[in-house]
Each structure stands twice: as C-alpha cells, then as structure tokens.
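Throughout, a chain's letter reflects where its sequence line sits, starting with A, and its residues are numbered from 1. What you see is a predicted model; the values in this text were computed from it and never measured.
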Amino acid sequence: MRKSVVSILAMGLILVPFLLVGTVSAKTLKIGSLSPLTGPYASDGTDIKNGVLTAISVFEEQGGIPGYDKIELYAQDTSCDPRQAVAAANKLVNLEVAGAIGAYCSSSTIPASDVLDEEEVIMITPASTHQDVTERGLPYMFRMCGRDDAQAPAAARFIKEALGAKTIFIVDDKTTYSQGLADGVKKAAKELGIKVLGHEHVNQGDKDFSAVLTRAKQENPDVFYMSVQGFSPAAMMTLQAKRLGMDSQIVTQDAVFQPRFMEVAKEASQGVFLTYGYTDPTTPEYKAFEERYVPKYGKIAAYATYAYDAAYTLLTAIKAAGSTDPAKIKAEMMKMDYQGVAKRIKFMENGDTGSNYIAFKVVDDKFVPYWSPEKGLLK
Amino acid sequence: MRLDPSSAASFYPPKFKKLRIMEYFIQQFVNGLTLGGMYALIALGYTMVYGVIQLINFAHGEFFAAGGYVGAITLGYLSGLGYMQTHPVLCLSAAFVFAMAYCAYLAVGVEKIAYKPLRRESRLAALLSALGMSIFLSNGMMLTQGVYDKIYPGEMFQGRFDFGTVAISYLQIMIIVLTALLLVGLNILVFKTKIGMAMRATAQDKTMSALVAIGSNKIISLTFAIGAGLAAAAGIMYGLYYGSVRYDMGFIPGIKAFAAAVLGGIGNITGAMIGGLIIGMVEVFGAGYFSSEYKDVFAFIILIGVLYFKPTGIMGENIDDTRV
C-alpha cells in the first residue's frame, strides 16, 4: 500500500516540470463567447463565433498582444436557454477569460451578464437588442448592436410613413426579445394612429402557424408584423402565410437578417421588409472583413459583423491597457472612437454604442436598404 | 405586393370581405386535418409497438425525423440531377419509398439491438433503453447532418387552390389524401390479411400464437418496421409542409403523437388515428378561436379530461381481437 502511494507521488513529481514549462512558455490569452451553437438558432450563434474567430486571426496577424503567444477562443453554447447561458457564463468565469462576447438571445444575455459582471468579466453583446441589457447599471456590460426601444419606433414609423399602413396585426414568439419588441411596435404604432387589429403569441419551437395565420388573414391587416427570435420560425411563418393566401405586407426585424431566411422561405420571402442596423458596405473596414470572412464561412449574416467588432474592440482595449484588469480594459474601451466593420464605435456611459435602424427589403437573395428615418426612401 | 409606397403613400385597393364565419371554420378545419393526419401517422407506431410488446418506444419520434432527412436527401439528389423539375411526382414517390424503407430497416435494427435483449427483463429496463436510443439517434442525426435546419427541396409543390377566401394548398391535399390512403392500407393489412391476423394473435398472447407456429420475433420486427415506415412518411410530409427538417424535430410531434395514442386508447389502431386527428384539431381550433399561446394546453386538457373519465382512452385499451 505504502509503496504504491510513494510511486504515485513519484510519478506526480515527474509531471511537475512539464506543468511549469507549460505555464511559462505558452502564455495564452483566453477570451470567451456565448451563443447558441445547437438548436433553432444555431446558425445565428455560429455566425457570432465565426465573427469572433475572424477578429482573433486578424488581431494575431497584426502582431497580437505583447506578453501573449496566442489568443484562444472558448466558444460556449447557450442554446438560447437562460439556464444553459448561466452555466456557460460560470464556465467562462472558471476558465478566467479576459472577456466574453455574447450572448445572442436577450433572454440569455441578461442572466449570463449577472454572473459575469459579478466576477468582473467584461461582456460585449453583439446581438441582444432588448433595452434592459444595458439598463441595469452593470459596469462591465457593453453592447455593439442597437436597442429595441429605438428599433420599435423606427419600425412603426416605417410602417406608417413608407408603407402608409392603417392597420397592423402582430405576432411574437414570447421570448424576452421578441415579445419586448412586439410590445414596443404595438405602442409606437398606436401613437402613430395605426390600428392594432390583434396581438397574438406563439410558442418558441412551434412549426405550425396555420391557425394563427388564418386568424390574421381574417382580420386582413395592411401590415403583418412578425416578431420572432430567429430566421427559422420567420421563414416558416412567411412560407405558411403565403400558402394561406395572406396578402398583408410582412414586416419583421433584426433577428431575421440572415440569408438563410430566403433559402428556406424561397419565393415567399420576396418583398418582406425588416429593420436592421445600418452598415455601410463601402467602407474599407467592411470590405476587408468581407474578403476574410466570406471565403472561409460563407455569406455575411445577422450578427457576424457586430461580433467581429465586439471582439476586435475587446482585444484592442486589452492591448492598450497592457493588462487583463477589467477596470483598465473598461477605461480603454470608453476612450475608443473608431470606424468598425458594422458601425462607428463609441461607447456611451451605459455601455451602448447607439442605434441606427433602417428598413431593408428582401430582393432575390439580398437584403437591400430601402428606407431610413432620416432620408426616407433610399434609391 | 399590395403596398406600393413609391406611387402613393396611402393607396390601398378595396379590401376583400372578411372571411365569413363558415369559411373561417372550413379553413381551420383543413389546417387541423393536415396536422392531425401527421400526428395520426406517428401515433400508429407508438400504439402498434405497445400493442405487441407493451413498450412505449420513445425512439419513435426519431424515426419520424430520420424519414424527413432521408426524404430531403433523396429529393435533393434527384433535383440535383434535374429529375425533380421534369418528374416531380415520380421523385416524390421515390423519396417516400426510400425513406419508409430506410426507417423500417432502422427500426428493425433498433429493436434487435436495444429492445430484444431486454424482452425478459422488467419493462422499466426496456423503457430506459428506448429513451437512450432516442437520445442516441437524435445526436447521431445532429453529428451527421449538422445542427442547422436542412432546407427541403420541393418548391414545385407550393401552389394552392382558392375556394372563395378559403385557401387549400397542394401540400395539404397531398398530406390528407396520402394519410387517408396509408390508414386504409394499414387497416386492410391488419384486419384482412394473414399477416395482420398473425400480428393480432401475437398481440393477444405470444406463447399461444407461438404454439400455432407464428414466429413472434418476425411479427415484432414487422410491427416495428410498419410503424417506423408510417412515421417516415409523416416526416417527409412534415418537411415539405414546413419547408425544412432538423435533427431534433422528432421530439415535440413525438410527444403529441404519444398523447394522441394514449387519448385514443394505447394499443388500439383506430384509437390512434382518432386520437391524432383530435389532437391536431383541438390544437388548431384552440389557436384559431381562443389563443395560439395556449394551443398545447387545450390539447392536453382534452387528454386529461378523457383519461379522467375513461382511463383506457376513447376506444379503450384492449378490445379483444382488434388490438395490435
């Protein structure tokens, strides 16, 4: 018995030098990402991960961060499930990441940020648009995309001014994001004098919407507003709406900004409008991103650009701060003012970077800018 | 498109009349029939397997998903070759044949690996094995086919007929007709043929039927194969109707179909068909007349209500020789 204990200890001792070597020679900067990599929103979550990976490879090519040999991404799967998001956040805390990019669903971001913020880990969400994300006074919560309390009024104005609609029927799928946005559009539409003919809820994961769509068709609204968490339910709803012969104009929102929407809904997707943050595709930053991203991961979708900007911002701030101390990183981030891929990045006091929603129209397999609150119809 | 913002901001063509009450009802009825038909096809597999070996085959929803995938792959391949555009009906038939055959084969394999060795053990062991098989198959599909929705080829089937304001799509007609044909075919098989008689005999008493030279292993395999084949057919319909398939798509319809089987009286074929239609109808009418948010609640309230007054389900669990 004693012999075996001794031999185990001896074997352990043999490993010690390796452990030392391991920690001394390869110093790795760990950053985390939180997004749904399985389940209905897997494509959107993978876009976020790919955006972050692109930022890391660009950053490493530009010389990396002094004192670190490599930057490693720990991509966690949230499945858009609040419980799994909290578990993933705890895992990132244990891994001692320098910062985290994510999550995708607002209903994941909010509980995950409570965990990360308590442990003083910087979190930048590329995609969660619910206003509460940055309204809870968390010092280390940042946001790259816009907010729903800007998106909803912009959508309502678009429906009123550009489409001239008098009536609207709203459907949401009861997530923090989709229901919040639907309520916002309902309120803003009422204020603009648009009559709300109905507001129905469906369940997350539903595939059959024929009953609720028949109901919407009976109400015969000018605009059918579809507030759902991802492109997949949106595509199914659009497909079924067209099949039922509903000829109301479909308007939807940022979560549907995914070329796969057109692949699934095919012809039914044509002419659908949606609101999404404006990105200037002619900037050199965007073109550089496109050249790197497209050959490796395919079409630029949903929140890949925002994820890239979020990761690039985080890495730049770590480099400038020369440490992974969250307070120092935050100080560097607040100083930033530069043109990113998706937008101009300048953080406000609460961690937001501002909203710039415009309306896009689906034409063939592209989202074409159609209307902006400032300029009206875009030619 | 109805709205043309560039011409005039507030121009609208005169509105067509609202769907009348009757037409609204008919539209929802067709919607319910489509959904209920698919549930019924899946429910049959649960009920037949239960009838023969008293096992709730939780992996059954996965046969449905696998059928959807095989159909998608077949149609995708054929449309790549260009046959889909020239012979759509032929291609679709091929997809059905492949998917049903594949899933029948898969189900027989699953039975041999996961259930047969446990046939003499407690029922709980087989049930757990079924749960494990479900997780295994679902994850297997995820690993081989990816986590994304697989887009279903079949744009050519997307048209519809308009009867006044009632719109019935080609797919709805196809699903309803095909489901009816499959159900009639199954009834003939079970109640009018020698194989059906052997199945019913095995369901009633395995030892006794073995004594009159009915190979119970063969019959059990056959039951699994037929159930999975029907589920595979439902999987293709589902994929075509909703435009895509995903590895985890078997779960929720599986639960609903299981509820349908219980509602109709588990082990009873006619009961499963009726149960499926009821669940589909209740779901659609619940959403259409009350609230789409609570449509599943309505379906399960009906289930609880029926079981409270009639614990063996609508058609009863063991009606002598009609049980399979």
Q: Quick one: pull up CZ in A:R215 and OH in B:Y289 and give me the separation to the nearest 0.5 Å.
A: 10.0 Å
Q. Quick check: does any side chain N or O of B:R160 sit under 3.5 Å from a backbone N or O of A:K242, one acting as donor and the other as acceptor?
A. yes
Q.
Quick check against the 3.5 Å criterion: does A:E200 have a side-chain atom that pairs as donor or acceptor with the backbone of B:S292?
A. yes
Q) So which part of B:L171 gets closer than 4.5 Å to some heavy atom of chain A, the side chain, the backbone, both or neither? A) side chain
Q. B:F251 versus chain A, heavy atoms under 4.5 Å apart: side chain, backbone, both or neither?
A. neither
Q | Proximity breakdown for A:K266 and chain B, heavy-atom pairs closer than 4.5 Å | A | side chain
**Q.** Selection from A:L37, A:V212, A:L213, A:V264 maximising heavy-atom pairs under 4.5 Å formed with chain B
**A.** A:V264
Q) What part of B:F290 is in contact with chain A, defined as an atom under 4.5 angstrom from a non-hydrogen atom: side chain, backbone, both or neither? A) backbone
Q: Would you check, one step at a time, whether the test side-chain contact (heavy atoms from CB on, under 4.5 Å) holds for A:K207 with B:Y238?
A: CA-CA 9 Å; A:K207 286 206 169 186; B:Y238 195 87; 3.4 Å; yes
Q: State whether the number of non-hydrogen atoms from other residues, nucleotides or ligands found under 6.0 Å of B:F163 atom CZ is greater than 12.
A: yes
Q: For B:D149 and A:R260, run salt bridge (Lys or Arg N to Asp or Glu O under 4.0 Å): C-alpha distance rounded to whole Å, both residues' side-chain angles, the deciding distance at 0.1 Å, then the answer.
A: CA-CA 9 Å; B:D149 290 64; A:R260 289 177 69 83; 5.8 Å; no
Q) Measuring heavy-atom distances to chain B, does A:D206 have an atom under 4.5 Å in its side chain, in its backbone, in both, or in neither? A) side chain
Q | Side chains of A:T214 and B:Q27, donor plus acceptor under 3.5 Å | A | no
(Q) Given heavy-atom pairs under 4.5 angstrom as the criterion, report whether the side chain, backbone, both or neither of B:D162 touches chain A. (A) neither
Q. Do any N or O atoms from the side chain of B:Q28 and from the backbone of A:A211 form a donor-acceptor pair under 3.5 angstrom?
A. yes
Q: Using a cut-off of 6.0 Å, state whether more than 12 heavy atoms not belonging to B:F285 lie near its atom CZ.
A: yes
Q) Near A:E267 CD, under 6.0 Å, is it more than 12 heavy atoms from other residues, nucleotides or ligands? A) no
Q | Interchain contact, A:L239 with chain B, by part (heavy-atom threshold 4.5 Å) | A | side chain
Q.
Would you say that A:V202 contacts B:K295 through its side chain, given a criterion of any heavy-atom pair below 4.5 Å between the two side chains?
A. no
Q: Please state whether the side chain, the backbone, both or neither of A:Q240 comes within less than 4.5 Å of a heavy atom of chain B.
A: side chain
Q | Exam field: side chain A:R243 to backbone B:Y241, donor-acceptor pair closer than 3.5 Å | A | yes
Q | Rounded distance (nearest 0.5 Å) linking atom OG1 of B:T34 with atom CG of A:D208 | A | 8.0 Å
Q: Grab the two heavy atoms, one from A:M236 and one from B:Y242, that are nearest each other, plus how far apart they are.
A: CG-O, 3.2 Å
Q. Would A:S232 and B:R246 count as a side-chain contact (heavy atoms from CB on, under 4.5 Å) if you check the C-alpha gap in whole Å, the side-chain angles of each, and the deciding distance to 0.1 Å?
A. CA-CA 11 Å; A:S232 163; B:R246 198 174 57 231; 4.2 Å; yes
(Q) Shorter than 4.5 Å, heavy atoms on both sides: which option in A:A265, A:A42, A:A268, A:A235 has the most such pairs with chain B? (A) A:A42
Q.
For the CZ atom on B:F300, are there more than 12 heavy atoms of other groups (residues, nucleotides or ligands in this structure) within a distance under 6.0 Å?
A. yes
Q.
I need the B:E293 CD to A:H199 NE2 distance, nearest 0.5 Å.
A. 9.0 Å
Q: With a 4.5 Å cut-off on heavy-atom pairs, point out which of B:N31, B:V30, B:V284, B:I252 contacts chain A the most.
A: B:N31
